[in-house]
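Notes to accompany the following structure.
Every heavy atom of this structure was used, including side-chain atoms; hydrogens, water molecules and symmetry mates were not. Order of the sequence lines sets the chain letters (A, B, ...), proteins ahead of strands, with each chain counted from 1.
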Number of protein chains: 2
Amino acid sequence: MKHVAALAGVGIKTVSRVINEEPNVAPDTAARVWEAIRALDYHLDMQAGSLRRAGGRTHTLGLLVSSVDNPFASTIHRAVEDSALEHGVAVFASSLDDDPEREDKAVAAFLRRRVDGLILTTASPAQNYLSSTAGRGMPVVFVDREPASTAVDSVVSDNRAGAATATAHLIRHGHRRIALLTDRLRIQTAAERQRGFFDALGAAGIPASEVQVVTDLYDADGSEAALAGLLASPEPPTAIFSAQNLITIGVLRALRAAGRERSVAVVGFDDFPLAGLLDPGVTVVAQDPYRIGRLASERIFRRLSGEVVEPERVLVPTRLIERGSGELGPS
Amino acid sequence: MKHVAALAGVGIKTVSRVINEEPNVAPDTAARVWEAIRALDYHLDMQAGSLRRAGGRTHTLGLLVSSVDNPFASTIHRAVEDSALEHGVAVFASSLDDDPEREDKAVAAFLRRRVDGLILTTASPAQNYLSSTAGRGMPVVFVDREPASTAVDSVVSDNRAGAATATAHLIRHGHRRIALLTDRLRIQTAAERQRGFFDALGAAGIPASEVQVVTDLYDADGSEAALAGLLASPEPPTAIFSAQNLITIGVLRALRAAGRERSVAVVGFDDFPLAGLLDPGVTVVAQDPYRIGRLASERIFRRLSGEVVEPERVLVPTRLIERGSGELGPS
DNA sequence: CTGAAAGCGCTAACAG
DNA sequence: CTGTTAGCGCTTTCAG
C-alpha cells in the first residue's frame with residue numbers, strides 16, 4: 001500500500017480510502033490510485049486491516065458440520081456461503097465427525113482466526129466454548145442439533161413432528177408391527193425422532209410392545225445387518241421407519257437381499273438423491289437443509305449488524321414425499 | 001497477550017514462546033503462563049501474528065470448486081481438510097458454479113485474505129490471476145480440470161483412458177451402435193472423455209458414422225429429454241456411454257420411462273451413491289476424488305515447506321465397476 | 001478533500 | 001532462560 005501511495009503520488013490514507021471506496025476522494029485522484037493499484041497488482045490485506053478496524057471484524061465465518069462431504073451438511077454449507085457472499089464474507093468449513101474433542105479443537109482454531117461468527121452442528125453434550133464466544137460478543141447459531149444450554153440461537157428441523165408424520169403415514173396404511181431403526185440416542189436429533197415415533201403410536205393406540213426399536217445404528221452396514229436380523233425373526237415387522245439417511249440405505253439393501261422390497265413398507269427420515277429412481281420409490285420425510293443454512297446465516301448477519309434480538313429456536317418444517325415404499329400395505 | 005503477561009508476571013515475549021510451544025522456557029514459568037491463559041480465556045490472534053511472521057504465513061488455504069454441495073467436490077474438500085488439519089491449516093471453500101467471473105472474484109477474495117495456497121477447479125479459459133499468485137510465490141494446484149497455462153501443478157482423473165475403458169467395455173459386450181451423451185465440450189474434462197470414446201471406437205474399427213454423440217448436456221432433465229429423443233429414432237442405440245454424473249441420472253430416468261432399462265446397456269462416468277441399489281445396478285467408471293484432494297494438498301504443503309519441485313501433471317487412474325447395466329448385450 | 005501520527009497484537013532480532 | 005525494541009500493513013483520529 002505504501003508502494004501504491006508512492007507510485008500514485010498520494011498519501012497512504014488516500015489509497016486506503018480509494019480501495020475501501022470511502023467518500024471524499026477527488027475523482028482524478030482516485031483514478032490515479034486505481035491505476036497504481038493495477039500496475040503493482042496490489043491486493044488489500046484484510047487481515048492487517050481487521051487488526052485496527054472498529055470491532056475487529058475479519059469478514060470471515062466459521063462453519064462446523066458433521067462432515068463437509070455429507071450431503072445434508074454440504075447443502076447447509078452452500079446456503080451459508082451464498083448468504084455470506086452477499087456480505088463479502090468468506091467461510092471456513094470444518095468437519096467434526098461427531099467427535100466432541102474435535103469440536104473443541106475446531107472452535108479454538110476458528111477463535112484464533114477471529115471469525116466474526118460461528119454456525120455449528122454440535123456433537124458435544126456441553127459447549128464449553130460458549131463462554132469464550134459469548135464473552136467476546138461473537139454470534140453463534142446452532143444448526144441441525146440444539147445445545148444443552150438454552151439461551152442460544154438454533155435452527156433445526158422439526159424432527160419430532162416429522163417422525164410422527166412418517167409413523168402416522170405407515171399406521172394409516174394399516175401397519176401396526178412397525179420397526180424403528182435409529183442412531184445413538186445421545187444424539188439429540190435421534191432422541192427427538194424417537195419421541196415423534198412414539199407420539200404417533202400413542203395417538204393410534206398402538207402399545208409399545210407391538211413395535212421393535214433398534215438403536216445405535218450409524219452406518220449402512222450396521223443397519224443392513226440389524227434389519228436382516230429382524231426379518232429372520234418369527235414375527236418380522238411389516239413396516240420400517242428408518243430415522244436417518246445411511247440407515248435407510250442399509251434398510252433398502254437388507255430388503256433387497258431378502259427379496260422383500262415390495263412386501264415391507266419403508267419411510268425414511270431425510271431425503272436422498274435417486275430415492276425416486278429405486279423400485280419401489282422410497283417414501284421419505286424430507287428436510288430442508290438449504291433453508292436451515294440460510295436462516296442460520298441470516299441470523300448471524302443480523303446480530304453482526306448490531307441488532308439485538310432474543311435468542312430464538314427456529315423450527316424448520318419437514319415434508320412427506322410419497323414415492324411408493326411407504327404406501328405398501330401389510331402383507 | 002499483554003494481559004496474560006501481566007497476570008503471569010512475565011514479559012510478553014515469554015507468553016508468545018509458551019503459546020507457540022517454542023523451546024527455552026522454564027517449566028514452572030510455562031505453567032504460570034498457561035494458568036494465566038486459562039484464567040483470562042485467552043486465544044492467540046494468528047492474524048496479527050502472520051503480519052510479522054517470516055513469510056507471512058496465515059495457515060490458511062483456499063479451495064475453489066464447482067459447488068461445495070456437489071458430491072465429487074465435497075469429497076475433494078474433505079480430503080483437503082484432512083490433510084490441512086495435520087498441518088494446523090484451516091480451509092476456506094468457495095463455489096464457482098463454473099462461472100469465470102465468479103472465479104476471478106473468489107480468487108481475489110482469497111488473495112485479500114492472504115491464503116498460503118490455492119486448490120482449484122478452474123472454469124475459466126484463462127487464469128489471469130496466475131501472475132498475481134505466482135508473483136507472490138503462492139502455490140496453486142489445479143484439480144479435476146487443467147488450466148490453459150502449462151507450467152502449473154494439476155491433479156486430474158485420467159479422463160481419456162477412463163472413457164476409453166468404458167467404451168471398450170460396451171464394445172466387448174457386442175455393442176456397435178453406441179451413443180455418447182456428454183457435457184459442453186469447452187469443459188476440458190468433457191473434451192477428454194469424448195477423445196477416449198473415439199479412441200476405443202477407433203481401436204475396434206467402428207466408424208464414427210455408426211455412433212451418436214449428443215453434447216451440451218449439463219443436467220438430468222436435459223439428458224433425459226435427449227435420450228428420449230434417441231430412443232424414439234428409427235435406429236436407437238443399443239448402448240449408452242454417459243460422460244457425467246447428472247447425465248447418467250437423466251439417462252436412467254429416460255430408460256425407466258421407456259421401459260428399456262434391461263435392454264439398453266449403460267456405463268456412466270463417475271460413480272454415485274446407490275448406483276448398486278438400482279435394478280439393474282449401474283456400471284460406472286469411478287473416479288477417486290479423495291485421492292485427488294489428498295495429492296493436491298500434499299503438493300501444496302510440499303511447496304510451502306520450501307521444496308522446489310517442477311510443476312507436474314498428476315493423472316489419477318479410474319476404475320471400472322461392473323454392476324449389471326454395462327454387461328447387457330445388444331438386443 | 002488530503003495526509004501525518006499512533007497503535008491494533010503479534011513475532012523477529014537482539015541484548016541481557 | 002528472559003525481556004526489550006521495532007515494525008508487519010492497515011485503519012483510526014485528528015489536523016490541515
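- Distances were taken from every side-chain heavy atom of Leu51(A) (C-beta onward) to each of dC10(D), dC8(C), dC10(C); the shortest belongs to dC8(C).
- Side-chain contact, Ser50(B) with Arg114(B): no donor N or O sits under 3.5 Å from an acceptor N or O.
- Leu44(B) has its CG atom 14 Å from the C1' atom of dC8(C), to the nearest Å.
- Going from atom CE of Met46(A) over to atom P of dT11(D) covers 9 Å, rounded to whole Å.
- The salt bridge (Lys or Arg N to Asp or Glu O under 4.0 Å) contacts involving residues 16-40 of chain A comprise Lys13(A)-Glu22(A), where partners must be two or more places apart or lie in separate chains.
- Atom pair Asp45(B):CG and dG9(D):C1' shows a separation of 14 Å (rounding to whole Å applied).
- Rounded to whole Å, the distance from NE2 on His59(B) to P on dC10(C) is 15 Å.
- In this structure, the CZ atom of Arg57(A) is 12 Å from the P atom of dT12(D), given to the nearest Å.
- Out of dG9(D), dT11(D), dG7(D), the shortest distance to the side chain of Arg52(B) is found at dG7(D).
- Applying a 4.0 Å cut-off to non-hydrogen atoms, the residues of residues 2-32 of chain A that approach DNA chain D are Lys13(A), Ser16(A), Asn20(A), listed by residue number.
- Atom CZ of Phe301(B) sits in a crowded spot, with more than 12 heavy atoms from other residues, nucleotides or ligands closer than 6.0 Å.
- Salt bridge absent: Arg145(A) and Glu103(A) never bring a charged side-chain N and a carboxylate O closer than 4.0 Å.
- Rotation axes derived from the C1' atoms of the five outermost pairs at either end of the helix from dC1(C)-dG16(D) to dG16(C)-dC1(D) lie 30° apart, to the nearest 10°.
- In this structure, a donor-acceptor pair under 3.5 Å is present between the side chains of Tyr290(A) and Asp82(A).
- Around atom NE2 of His3(B), no more than 12 heavy atoms belonging to other residues, nucleotides or ligands sit under 6.0 Å away.
- Put simply, CZ on Arg114(A) is 17 Å from C1' on dC10(D), counting in whole angstrom units.
- Using a cutoff of 4.0 Å between basic side-chain nitrogens and carboxylate oxygens, Glu307(A) and Arg303(A) are not scored as salt-bridged.
- Ion pairing of Arg302(A) with Glu298(A) is absent here, as no side-chain N (NZ or NE/NH1/NH2) approaches a carboxylate O to less than 4.0 Å.
- Salt-bridge check for Arg102(B) with Glu81(A): passed, with a basic side-chain N closer than 4.0 Å to an acidic carboxylate O.
- The interatomic distance linking Ile37(B) (CD1) with dC10(C) (C1') rounds to 14 Å, in whole Å.
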